[in-house]
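Taking it in order: structure first as structure tokens, then the write-up.
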Amino acid sequence: MESTAKPRLLLIDDDRKLCRLLGEYLGPMGYEVEAVHSGPDGAARAAEAGWHAVILDVMLPGADGFEVLRRIRAASGVPVLMLTARGDEADRIVGLELGADDYLPKPFSPRELLARLRAVTRRGAHVPETGEASASGAVVTVGDLQIDPDRRTARAGERVLNLTAVEFDLLLSLARARGRVKTRERLVEDIRNRNFDVFDRSIDVHVSALRRKLGDDAKEPRYIRTVRAVGYLLIDPNRG
């Protein structure tokens with residue numbers, strides 16, 4: 001029997017009024033929301049299985065959001081949407097480098113939060129789109145990389161890659177190009193479900209994180225090659 005359970009969201013924010021308002025807004029939208037109000041409590045709860053996404057504030061007592069995100073990513077690929085009152089680029093990049101799937105500065109519109117939340121949970125879902133052709137869900141193999149779109153798993157040889165939802169979609173987009181260059185603009189279209197500035201460094205940050213997980217060297221790449229001023233390509237050893 002198909003499960004009818006609501007998607008479970010963990011909200012980690014010390015602003016109790018905001019947590020209450022978000023719970024009241026997201027509940028009727030079909031979500032089950034649980035809130036915790038400190039960094040250590042948030043990291044402990046996020047380590048438990050069953051969350052569909054985590055909404056994480058940066059400014060937290062006990063441990064800041066970046067430290068909580070480090071702990072989450074050490075154990076889980078659950079989609080993480082970061083909230084912060086800090087709006088500068090450096091903080092966004094730190095969050096993305098640590099594995100955040102998206103970043104939303106305060107103050108924000110609840111409708112935008114909902115749209116971003118739906119986007120990161122779609123990217124993190126393991127179920128293929130209805131009506132998707134079977135070929136689009138076939139395992140993609142490039143060299144020793146194997147990427148399974150349906151199960152959303154990736155391997156480099158025998159090693160399982162622990163990727164965030166965005167990193168997985170980025171690797172899949174590059175792999176499907178099979179040795180052809182993908183521009184940053186096209187990568188944006190492939191991996192995001194909303195418009196954002198294509199000159200934002202987020203694409204480069206996600207590529208850097210993906211390289212680290214692949215054990216790749218940007219100067220002597222085995223997997224991902226930078227094409228200066230254009231984009232990236234995944235090296236296909238079978239192409240001349």
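Since we're looking at a predicted model, the values are computed, not measured.
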Strictly distance-based, threshold 3.5 Å: is any side-chain N or O of [X] a donor or acceptor partner for the main-chain N or O of [Y]?
X      : Y      : answer
Asp14  : Pro61  : no
Arg180 : Ala177 : yes
Arg73  : Ser76  : yes
Arg211 : Ile224 : yes
Arg116 : Tyr103 : yes
His52  : Leu9   : no
Glu167 : Thr164 : yes
Lys213 : Asn162 : yes
Asp101 : Val80  : yes
Ser173 : Asp169 : no

For the student: nearest non-hydrogen atoms of [X] and [Y], plus distance:
X      : Y      : result
Arg71  : Pro40  : NH1-CA, 4.2 Å
Leu114 : Tyr25  : CD2-OH, 3.9 Å
Ile12  : Ser38  : CG2-O, 3.9 Å
Gly23  : Pro28  : O-CD, 4.4 Å
Ala53  : Leu117 : CB-CD1, 3.8 Å
Arg184 : Ile203 : CG-CG2, 4.2 Å

Would a hydrophobic clustering, with Ile, Leu, Val, Met, Phe, Trp and Tyr connected at side-chain separations under 4.5 Å, put [X] with [Y]?
X      : Y      : result
Met29  : Leu113 : yes
Ile235 : Val207 : no
Leu98  : Met82  : yes
Val181 : Leu171 : no
Leu21  : Val54  : no

Leu26 vs Leu11, test: side chain to side chain contact (heavy atoms under 4.5 Å, CB included). Steps then yes/no.
CA-CA 11 Å; Leu26 294 171; Leu11 176 56; over 6 Å; no
For the atom pair [atom1] ([X]) and [atom2] ([Y]), what is the distance rounded to the nearest 0.5 Å?
X      : Y      : atom1 : atom2 : result
Phe108 : Leu18  : CZ    : CG    : 5.0 Å
Leu172 : Arg152 : CG    : CZ    : 8.0 Å
Leu187 : Leu174 : CG    : CG    : 5.5 Å
Thr153 : Asp148 : OG1   : CG    : 4.5 Å
Arg225 : Asp216 : CZ    : CG    : 10.5 Å
Leu22  : Leu83  : CG    : CG    : 7.5 Å

Where do Tyr232 and Lys182 land on the side chain to side chain contact (heavy atoms under 4.5 Å, CB included) test, with the steps shown first?
CA-CA 5 Å; Tyr232 299 94; Lys182 296 297 288 281; 5.8 Å; no
For the pair Leu214 and Leu145, evaluate side chain to side chain contact (heavy atoms under 4.5 Å, CB included) and give the outcome as yes or no after the intermediate values.
CA-CA 10 Å; Leu214 288 167; Leu145 291 174; 3.7 Å; yes
Check: Phe168 and Ile147 side chains under 4.5 Å, non-hydrogen atoms:
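Yes, at least one pair of side-chain atoms sits under 4.5 Å.
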Trace of the salt bridge (charged side-chain N to carboxylate O under 4.0 Å, His left out) decision for Asp144 with Arg159
CA-CA 10 Å; Asp144 69 349; Arg159 181 165 55 95; over 6 Å; no
Asp57 vs Lys106, test: side chain to side chain contact (heavy atoms under 4.5 Å, CB included). Steps then yes/no.
CA-CA 10 Å; Asp57 190 26; Lys106 296 179 179 178; 3.5 Å; yes
